[in-house]
Peer 1: 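I'd like to ask you about the structure that follows.
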Amino acid sequence: MTKKNKLYFGDNLEVLRDHIKAETVDLVYLDPPFNSNASYNVLFKERGGAPTQSQAEAFCDTWTWGPSAERAFDDVIAANEDVSLVMRGLRSWLRESAIMAYITMMAARLIELRRALKPTGSLYLHCDPTASHYLKLVLDAVFGPKNFRSEIIWKRSSAHSDTKQGRKLHGHIHDVILFYTKSDEWTWNNVYTPYDEAYVERDYRLLDENGRRFRRGDLTAAKPGGDVEYDWRVKKLLGARERWAADTDDEYLRPRSGWEYKAVRPYKRRFWAYSKANMKQFAKEGRLRHTFEGMPEYKRYLDEMPGVPLQDLWTDVTPIIAGTQERLGYPTQKPLALLERIISASSNPGDLILDPFCGCGTTIHAAHKSGRQWLGIDVTHYAVTLIEQRLKDHDRSAAFTVHGRPASLADARALAQRDKHQFQWWAAWFVGAQSYREEKRGPDRGIDGSALFANGPYGHGRIIISVKGGENVGVAMVRELRAVIEREEAEMGILITLAEPTQSMIAEATAAGFVKKSAHGRLPRLQIVTAADLFAGRLPHLPPLPEPLTGVRPRAATRRKHDPKQLQLLLSFTGNRTLKNKEGFVDPRYMQFGS
C-alpha cells in the first residue's frame, strides 16, 4: 500500500480543495488557532474598530473581517443550505466582527473536511469555551445534529485564579473537544481509563495468597439457561471455623475422617449462572472463594479488568508544563497522550489521519507512532520545519514528503507577496537557520534567523540571518546588518534578498572583511545571497552547521572563551593541515576540542 504521509506548507483551505480527495480520510483532528489569551473587547470589536498590533500581523490568534472573509462567506452560503441558514443568522447578529470572520473561515474549512471524510470517518474539533457554542452550531449544520456524538471536556491545567479588568473570575482550566461523525456508522474502539484509587480501595480490598487484588462476584442468575440446577458440593475440616472449599472430586460420597461435607444451592428463586462443568473449572483455576456458609463467589481480579470505559470528562491526561521532556516550547502544544487516545478510539492501524492545523505536529507524531498514515497542513513554515525535526527525532527512518515550499523563483516571489514573514522564515531555513522567531510582533531587531556553529578552540560561533522580501533594496540594508553583527557580537551575517543587490551593497558587504577568529579558514563576515542564488545552488560560504534546533525562539549562545594555549597545542598536534577536509573546511572531528 502506498504511504500517504505528507506534510503541506500553505493555507489549509487551498490544500484541502486542491490536494485532498473526497472520502479518503478516516479521522480528522483540528485545533484551530483562537483567542485563548485575547480579550472579549478585542474579539467582538465592531466594524471599523482599529485592530491591535498583534492582530495586524501575519499569524495571530483571531481572523478579522476583510475581503478573504467575505469571499469565504459567499462560498459557504452557496455550498450548503443548512449552513447558509445558520451563517446568515449569525451574521445578522454578530455583524462583520472578528468572531464572525473566525466562524466564517472555520465553516468553509469544515465543509471541506466533511467532504474529505470517509462515510465511517470521525472529526474532533478542539476549541475553548469562548467559541465552542458557535462552532457547535456550524458543525450541526455541516454534519447534521444527529451525527453529534459527544462534547468532551479536557482539564488542560491545574486550578488557578483568573482576573479580568481587576475582577476575579472562575478559573478557566478546561478545553472543549467536539466529536462528530459523518454517518451513523463509524469506527470505534473501546478505550478504558484506570480506576479511581478510592474505588480500588473500596471494591478491590481483598487479596489472594499471592497478593493480587480482587472483588467478589455473584455466581447466581435470575433466569435458568442450560445446566444451572444442581447441588454444588463443598467441604471443610470438621468443626473448623474456616471457609468452605469446593469438593470437585465429590469426596463427600466417600467421606474421610475429620471432614464435613454439604451441598449448596442458589438462593430462593435463583439459578446458577454457569454449568457445573464450568464451576468445577473455576475451582481448579483457583477462581472461587466460598463464604462461611459455603456459597461460592467468583474472584474478579483487578489486574484482569480493562478499566473504566472512556467518559466525556478527561482529567487524567496531564497537560504539558515547563520542564517536561515532551515540551517543545510551542505555545499551543497538546500532550501526545491526548492525541493517542483520540486516534486509538476512532481509527485503526493503517487508517489515514488528517490535521489541517498541525502546529508543532503532535497529531502527526501520535499517528506515526501508532501505525497510521497521516496528512498534516500548516500555514507557517516554522511549524513544517519543527514537525520534520520532531519526526526525525522519533524515527530516523520516517518516510514522508513535504509539499508547498517554493520550488522556483516565481514561487518565492508569490510567497513573499502573500506573506512576508513566511518568506523570511523559509529563506532563513533554506540557508541553515536553526532557530527563528515564531511570532513577528514588534521589531525583530534585524534578526530573521540565526545559527550556531562549533568554532574549534574559539568556542561557538553565531551567524545572523536577515531576509528582505521586497523589490527595492539598498546599501542601508547591508549597513544595518553590519550593525546587528557588531551589536550581537556575532561572527558572521547573511543577507538574503529577493531582488538583485546593487553594486554599492556588494562593496559594503566586501568591506566587512573576514571572520577574525575562525577555525574554518577564511570566512566572509557578511555575504549577500539572492533567492535566485538559492535555487541555482549558489549558497553562501558557511562552516559546517549542526542539526537544526527545535526551540521556538532563538536560544542565547553560550559562548566558550577561547584559550590561546589550546589553539597552540591543537596546531602542534595537527601541523595545521589535518584540520581541513578536502573542501577546505575544518574537519568537524576537531571542532569539539576542549569542550
Peer 1: Is it the case that atom CG in N472 sees more than 12 heavy atoms from other parts of the structure closer than 6.0 Å?
Peer 2: no
Peer 1: Do Y29 and D31 make a side-chain contact, defined as non-hydrogen atoms from C-beta onward lying under 4.5 Å apart?
Peer 2: yes
Peer 1: Between I447 and R487, is there a side-chain heavy-atom distance shorter than 4.5 Å?
Peer 2: yes
Peer 1: About how many Å separate CZ of R413 and CZ of F423, when rounded to the nearest 0.5 Å?
Peer 2: 9.0 Å
Peer 1: Which is it for H365 and L339 under the side-chain contact (heavy atoms from CB on, under 4.5 Å) test, yes or no, and what are the steps along the way?
Peer 2: CA-CA 9 Å; H365 186 174; L339 274 300; over 6 Å; no
Peer 1: If you define the side chain from C-beta out and look only at heavy atoms, does anything of S466 sit under 4.5 Å from M477?
Peer 2: no
Peer 1: Answer yes or no: is there a side-chain heavy-atom contact under 4.5 Å between D128 and R156?
Peer 2: no
Peer 1: Tell me whether the centres of the aromatic rings in F400 and H368 are closer together than 6.0 Å.
Peer 2: no
Peer 1: Once side chain to side chain donor-acceptor pair (under 3.5 Å) is applied, do any residues pair with T530, and if so which ones, sequence neighbours excluded?
Peer 2: D533
Peer 1: Under a 4.0 Å threshold between the charged nitrogen and the carboxylate oxygen, would K468 count as salt-bridged to D448?
Peer 2: no
Peer 1: Can any side-chain N or O of S344 pair as donor or acceptor with the backbone N or O of R341 at less than 3.5 Å?
Peer 2: no
Peer 1: Indicate yes or no: at least one non-hydrogen side-chain atom of M492 is less than 4.5 angstrom from one of Q527.
Peer 2: yes
Peer 1: Any chance you could lay out the side-chain contact (heavy atoms from CB on, under 4.5 Å) test for D75 and R17, step after step, and finish with the verdict?
Peer 2: CA-CA 12 Å; D75 290 344; R17 288 173 173 172; 3.6 Å; yes
Peer 1: Looking at the rings of H403 and H19, which for Trp means the six-membered one, are their centres under 6.0 Å apart?
Peer 2: no
Peer 1: Where do H172 and T130 land on the side-chain contact (heavy atoms from CB on, under 4.5 Å) test, with the steps shown first?
Peer 2: CA-CA 11 Å; H172 296 166; T130 309; over 6 Å; no
Peer 1: Taking salt bridge (charged side-chain N to carboxylate O under 4.0 Å, His left out) as the definition, give me every residue that meets it alongside E326, ordered by chain and number, with sequence neighbours left out.
Peer 2: none
Peer 1: G10 and I377: which non-hydrogen atoms are nearest, and at how many Å?
Peer 2: O-CG2, 3.8 Å
Peer 1: Mind checking whether P544 and H520 have side chains closer than 4.5 Å, heavy atoms only?
Peer 2: yes
Peer 1: Which atom names give the shortest non-hydrogen contact between P356 and N12, and what distance separates them?
Peer 2: O-ND2, 3.0 Å
Peer 1: Under the salt bridge (charged side-chain N to carboxylate O under 4.0 Å, His left out) rule, collect the residues that match up with D355, sequence neighbours excluded.
Peer 2: none
Peer 1: Please report the shortest heavy-atom distance between T104 and F73, naming the atom on each side.
Peer 2: CG2-N, 3.3 Å
Peer 1: Are V529 and L539 close enough that some pair of their side-chain heavy atoms sits under 4.5 Å apart?
Peer 2: no
Peer 1: Could you give the distance from CG (L523) to OG (S518), rounded to the nearest 0.5 Å?
Peer 2: 4.0 Å
Peer 1: Do the side chains of R109 and E112 get close enough for a salt bridge, i.e. N-O under 4.0 angstrom?
Peer 2: no
Peer 1: Rounded to the nearest 0.5 Å, how far does CG of L123 lie from CZ of F179?
Peer 2: 9.5 Å
Peer 1: Would you compute the distance between atom CG of L336 and atom CD1 of I320 and round it to the nearest 0.5 angstrom?
Peer 2: 8.0 Å
Peer 1: Just to verify, what does S68 make a side chain to side chain donor-acceptor pair (under 3.5 Å) with, not counting sequence neighbours?
Peer 2: none
Peer 1: Find the distance between CZ (F514) and NE2 (H541) and round it off to the nearest 0.5 Å.
Peer 2: 9.5 Å
Peer 1: Just checking, R405 and W429: is the charged tip under 6.0 Å from the six-membered ring centre and within 45° of the axis?
Peer 2: yes
Peer 1: In plain terms, say whether R418 and E14 are close enough for a salt bridge, that is, a side-chain N and a carboxylate O under 4.0 Å apart.
Peer 2: no
Peer 1: With side chains defined as the heavy atoms from C-beta onward, is the minimum distance between I152 and Y124 less than 4.5 Å?
Peer 2: yes
Peer 1: Give the minimum heavy-atom separation between A531 and L498, together with the two atoms involved.
Peer 2: CB-CD1, 3.9 Å
Peer 1: Between W154 and I177, is there a donor-acceptor pair closer than 3.5 Å when you use the side chain of the first and the backbone of the second?
Peer 2: no
Peer 1: Mind checking the CZ-CD1 spacing from R390 to I387? Nearest 0.5 Å is all I need.
Peer 2: 8.5 Å
Peer 1: For D351, check side chain to side chain donor-acceptor pair (under 3.5 Å) against everything at least two apart and list the hits.
Peer 2: none
Peer 1: Minimum heavy-atom separation for G432 to L545, with atom names?
Peer 2: O-CD1, 3.6 Å
Peer 1: Can you tell me if Q417 has over 12 outside heavy atoms packed within less than 6.0 Å of its CD?
Peer 2: no
Peer 1: S347: which residues meet the side chain to side chain donor-acceptor pair (under 3.5 Å) condition with it, sequence neighbours left out?
Peer 2: R372
Peer 1: Please report the closest heavy-atom contact between I343 and A366, naming both atoms and the distance.
Peer 2: CD1-CB, 3.7 Å
Peer 1: Can you label the angle between the F9 ring and the H381 ring as parallel, tilted or perpendicular, going by 30° and 60°?
Peer 2: perpendicular
